[in-house]
Engineer: 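Once you've had a glance at the structure underneath, I'll fire off some questions.
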Protein chains: 4
Amino acid sequence: MPNRKFDLKKQPLQERAKFTVDVIKQAGIHILREQGYAGVTTNKVAEKAGVSIGSLYQYFPSKEVLVAEIKRDHFCQLRQLFQQAYDDTAGQALPERAKAFVMASIDAHRLDPVLHSVLNTDLPDFEVKEDDDSAVSVRKWIEKLLDDHRHEIRDGVSIAVAARLSYSLVEAILHDAVSHAPESLEDASFVDEVVLMLLAYLKPAPTG
Amino acid sequence: MPNRKFDLKKQPLQERAKFTVDVIKQAGIHILREQGYAGVTTNKVAEKAGVSIGSLYQYFPSKEVLVAEIKRDHFCQLRQLFQQAYDDTAGQALPERAKAFVMASIDAHRLDPVLHSVLNTDLPDFEVKEDDDSAVSVRKWIEKLLDDHRHEIRDGVSIAVAARLSYSLVEAILHDAVSHAPESLEDASFVDEVVLMLLAYLKPAPTG
Amino acid sequence: MPNRKFDLKKQPLQERAKFTVDVIKQAGIHILREQGYAGVTTNKVAEKAGVSIGSLYQYFPSKEVLVAEIKRDHFCQLRQLFQQAYDDTAGQALPERAKAFVMASIDAHRLDPVLHSVLNTDLPDFEVKEDDDSAVSVRKWIEKLLDDHRHEIRDGVSIAVAARLSYSLVEAILHDAVSHAPESLEDASFVDEVVLMLLAYLKPAPTG
Amino acid sequence: MPNRKFDLKKQPLQERAKFTVDVIKQAGIHILREQGYAGVTTNKVAEKAGVSIGSLYQYFPSKEVLVAEIKRDHFCQLRQLFQQAYDDTAGQALPERAKAFVMASIDAHRLDPVLHSVLNTDLPDFEVKEDDDSAVSVRKWIEKLLDDHRHEIRDGVSIAVAARLSYSLVEAILHDAVSHAPESLEDASFVDEVVLMLLAYLKPAPTG
DNA sequence: AATGAATGAGCTTTCATTCAT
DNA sequence: TATGAATGAAAGCTCATTCAT
């Protein structure tokens, strides 16, 4: 992947090296969760990981790359959830598929809510490289789904915009829910409500 | 409460001091806009403002307070917009009032879109003090409006929650629009679409 | 007094000015007591005194001079106590006079124990100008007294050395007492014990 | 207690690190001697030591800890002198043992007189942590000795108090001697005089 | 005389990064 | 390869002092 902005310094070909890379990422995740991005220092990460600072720099050429890798991994998991939701509901109607997506979003937030929120709100902008932003690939699946149902969506809005807005919408609601009423994520009626809202946006009926 | 941790160190008494405070805030805003919160350093702000670092600390006991003051000022302007929207539409129907609010939000984003987004997404949490968080007073006016129309809103959701979500929702959409399609803010149909969405949330009609 | 290292910038001839000088000194003393020498800053002193920082510098050309003035005043009071003890016991025997001096020392410590200890132990050396060191004039009176009784003191020790050692001795004991058993200052038998000790030094009897 | 506030940040593992720690302490001692505690700044110490400021903070988490370490080292040497004096005179009479202690004190002052006096008089109180204050362990040996001879000491004074006062006494005298007549430390009769004084305190004979 | 706004050298401390071993 | 000692730019902040008003 030559067009990635930051490459890993060295592909960990050996078992030992792969393990080290993993241990370092786990330590980074731990500190991100506990202390946010501002709390991450390479020295702390190396210590927590039980490796020398030199080793960390063997595999991650900078702090930014380390965090970017962690973010990429996380969004890769998210993408899989959405991909799964897409595949699992192939052929079904829009409401069912929308529900599957909302539930995938909720699962995503359950994976590691604190990390998710740190990665989404606590990272300086320069952390996000356009083609690195895995949110993109998450949205790809939403676009695919909306495109499958493009005739059920109201006119005058592009699929790309609708996908982006749908994602923002659900993220905003879930972010809010996680912060202020985390138990609602487990509440079945909450899911239905969000789905309703999403559908209302995608194909609003007259409100009168 | 003159000893609040997040108060100014010293009230500017003379004209010259008021000017200095202002110049410092403007410099802070400038750097926030250009380089985000992480880019703000007291030395850079002082230099940009053309005052000594000592003068900065004469009025702002810490970097955090400076940013908090800037945030307070900004949200104070927002609150006025929302208050105006509330007052101007007193007695009208929910759709009209919702539209007034959405337009107020858009105006808010036009005030200083980049600053707005930095203040909303780039600030560490500790920046937000409970009674200092001016987003609260913005929400107060949304709550007031929703409360006026509480019978037109679907059951099972508290006014407070609905207000928070409405705000998050509109913010998320506008944030997205500002980043990816800033011209849409000027598009009349965009406003209508957002209003539709908001109403769909507040009182969804059967989508069947 | 042209040979004083630091002169007051200006003799306070007017009533108002004298009052200001006093208020500043009192504020300085207060802060010395509460926060030690390290806690003294000219700005804090001026604020505590209720005068502007500019006024402080009108009367005290530097922080060092301010503290030196406070120290001089304090040791001036001490000197008066010792002078009084000398005068009051003129013509009496050594033990009585020694007791008078020890009691004067105790009174000195009672004047302002904390300030005394701060002035004696917490001040950087450069604070002490040879001819400014009012401890000198305190010792002068001890020397005078010992000289009156030079025949009752053992041979082989100069009056100057004996005076200095006597003072160090009593100071060391009292300093220790103030820190670790302040109530002993009020105990009559404590006084007698210190006197005993002092006499034992000045004219030791065979201990066999 | 590996997490004590006043511990070193990191134990030096390699030879090079041990050397660095030492060089830093030596530089700190040098500056303490020349400019007193107020003259100590971490930058000056690092520069004098010829290491980077970062290296200093690698081993000493704060300026305070650095000075505390220097003090600990110094008093450790003192303790050894007193311990030696105690052991060397086991079984002898009080006057001999007292003399041994006074001579140990004199040796202590000869080790590094200026540093000794700076560490004893120029340090802010917060520098002294209860169990860190090595003066305590010096006093322990005096207490041990006095306890061996408790029947030869006058009644009505606890061993602990007597030990503290004896130490203060000898310190005060020597401090004075060092400042005003350093050659007296080499004078045999001076030693005898101090011993006499100490014994006079511990068991005063009637002066009548 | 008095005020207080302004100054800036200098302090303590952090942390991403390098490099000799 | 792995280690960890060393680096030093740069950050936040203090405070004695000056000077325009």
Side-chain angles (χ1 to χ4, degrees), chain A residues 10 12 14 16-17 20 38-47 51-66, chain B residues 9-21 38 40-47 50-64 66, chain C residues 10 12 14 16-17 20 38-47 51-66, chain D residues 9-21 38 40-47 50-64 66:
Chain A
K10 162 169 281 196
Q14 324 222 354
R16 172 78 186 279
T20 302
V40 174
T41 76
T42 50
N43 284 297
K44 268 199 279 187
V45 171
E47 190 187 15
V51 305
S52 69
I53 180 67
S55 289
L56 187 151
Y57 276 89
Q58 192 102 74
Y59 295 110
F60 301 94
S62 78
K63 176 186 162 179
E64 278 71 36
V65 171
L66 169 58
Chain B
K9 216 173 195 172
K10 183 186 275 190
Q11 288 304 322
L13 297 180
Q14 304 180 357
E15 263 317 300
R16 183 158 64 132
K18 277 199 185 96
F19 177 75
T20 300
V21 164
V40 174
T41 76
T42 50
N43 284 304
K44 271 198 279 187
V45 171
E47 191 186 12
V51 304
S52 72
I53 181 65
S55 288
L56 189 153
Y57 278 93
Q58 189 114 62
Y59 300 107
F60 303 95
S62 76
K63 174 187 161 176
E64 280 72 35
L66 170 59
Chain C
K10 163 171 279 201
Q14 324 221 352
R16 172 78 186 280
T20 303
V40 174
T41 76
T42 49
N43 284 297
K44 268 199 280 186
V45 171
E47 190 187 12
V51 305
S52 70
I53 181 66
S55 290
L56 188 151
Y57 276 88
Q58 192 102 78
Y59 295 109
F60 301 94
S62 77
K63 177 186 162 179
E64 278 71 36
V65 170
L66 169 59
Chain D
K9 214 175 198 171
K10 183 187 275 191
Q11 288 303 324
L13 296 180
Q14 304 180 357
E15 262 320 299
R16 183 158 64 130
K18 276 196 185 99
F19 176 75
T20 300
V21 165
V40 174
T41 76
T42 50
N43 283 306
K44 273 199 276 187
V45 171
E47 190 187 10
V51 305
S52 71
I53 181 64
S55 288
L56 189 154
Y57 277 91
Q58 189 113 63
Y59 299 107
F60 302 95
S62 76
K63 173 187 161 177
E64 279 73 36
L66 169 59

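No hydrogens, no waters, no symmetry mates; every other heavy atom, side chains included, goes into these values. The shown structure was predicted, so the numbers you read here are calculated from the model rather than taken from an experiment. Per chain, numbering begins at 1; letters A, B, ... match sequence-line order.
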Engineer: With respect to the side chain of D/I53, which nucleotide from E/dA6, E/dT14, F/dA5 is positioned closest?
Structural biologist: E/dT14
Engineer: Whole angstroms only, please: what is the NZ-P distance between A/K63 and E/dT17?
Structural biologist: 9 Å
Engineer: Between F/dA2, E/dA16, F/dT3, which one does the side chain of A/Y59 approach most closely?
Structural biologist: F/dA2
Engineer: Just name whichever nucleotide pairs with F/dA20, Watson-Crick or G-U, keeping both distances under 3.5 Å, else none.
Structural biologist: E/dT3
Engineer: From CD of C/E47 over to C1' of F/dT14, roughly how many Å is that when rounded to an integer?
Structural biologist: 15 Å
Engineer: Between B/G50 and A/K44, which is nearer to the 5' end of DNA chain E once each is assigned its nearest nucleotide?
Structural biologist: B/G50
Engineer: Could you measure the distance from the CG atom of B/L56 to the NZ atom of B/K63? Nearest 0.5 Å is fine.
Structural biologist: 11.5 Å
Engineer: Where do A/S62 and A/Y57 come nearest, in terms of heavy atoms and distance?
Structural biologist: CA-CE2, 4.2 Å
Engineer: Kindly say if C/S55 contacts the phosphate of E/dT3, meaning a side-chain N or O under 4.0 Å from OP1 or OP2.
Structural biologist: yes
Engineer: So, OP1 or OP2 of F/dC13: does either fall under 4.0 Å of a side-chain N or O from B/T42?
Structural biologist: no
Engineer: For E/dG8, give its Watson-Crick or G-U wobble partner with both distances under 3.5 Å, or none.
Structural biologist: F/dC15
Engineer: With a 4.0 Å limit, can you tell me whether D/S52 has a side-chain N or O closer than that to the phosphate oxygens OP1/OP2 of F/dG8?
Structural biologist: no
Engineer: Does a side-chain N or O from C/Y57 land closer than 4.0 Å to OP1 or OP2 of E/dT3, or not?
Structural biologist: no
Engineer: So, does D/S62 get its side chain near the phosphate of E/dT12, meaning an N or O under 4.0 Å from OP1 or OP2?
Structural biologist: no
Engineer: Just verifying a value: how many Å separate B/E15 CD and B/T20 OG1, rounded to the nearest 0.5 Å?
Structural biologist: 10.5 Å
Engineer: Would you indicate which nucleotide in F/dA16, F/dA6, F/dC13 comes nearest to any side-chain atom of D/Q58?
Structural biologist: F/dA6
Engineer: Take atom CG of C/L56 and atom C1' of F/dT18, then tell me their distance rounded to the nearest Å.
Structural biologist: 13 Å
Engineer: Does D/G54 or A/G54 map to a spot on DNA chain E nearer the 5' end, using the closest nucleotide for each?
Structural biologist: D/G54
Engineer: Given atom NZ of D/K18 and atom P of F/dG4, what is their separation to the nearest angstrom?
Structural biologist: 14 Å
Engineer: For B/R16 and E/dT3, what is the distance between atoms CZ and C1' respectively, to the nearest whole Å?
Structural biologist: 11 Å
Engineer: Under 4.0 Å, heavy atoms only, any strand: does A/T20 hit a base, just the sugar-phosphate, or nothing?
Structural biologist: nothing
Engineer: Should A/Y59 and A/L66 count as side-chain neighbours, where that means a heavy-atom distance under 4.5 Å?
Structural biologist: no
Engineer: Quick one: label D/T41 by what it contacts on the DNA or RNA (base, sugar-phosphate, nothing), any heavy atom closer than 4.0 Å.
Structural biologist: sugar-phosphate
Engineer: With a 3.5 angstrom cut-off on both distances, give the Watson-Crick or G-U wobble partner of E/dT13, or none if there isn't one.
Structural biologist: F/dA10
Engineer: Under 4.0 angstrom, heavy atoms only, what part of the nucleic acid is A/V40 near: base, sugar-phosphate, or nothing?
Structural biologist: sugar-phosphate
Engineer: Distance criterion of 3.5 Å, no angle test: do you see the side chain of B/N43 paired donor-to-acceptor with the base of F/dA10?
Structural biologist: no
Engineer: Mind calculating the distance between CD (B/E15) and P (E/dG4) to the nearest angstrom?
Structural biologist: 15 Å
Engineer: In whole angstroms, how far is the C1' atom of E/dT12 from the CZ atom of D/F60?
Structural biologist: 16 Å
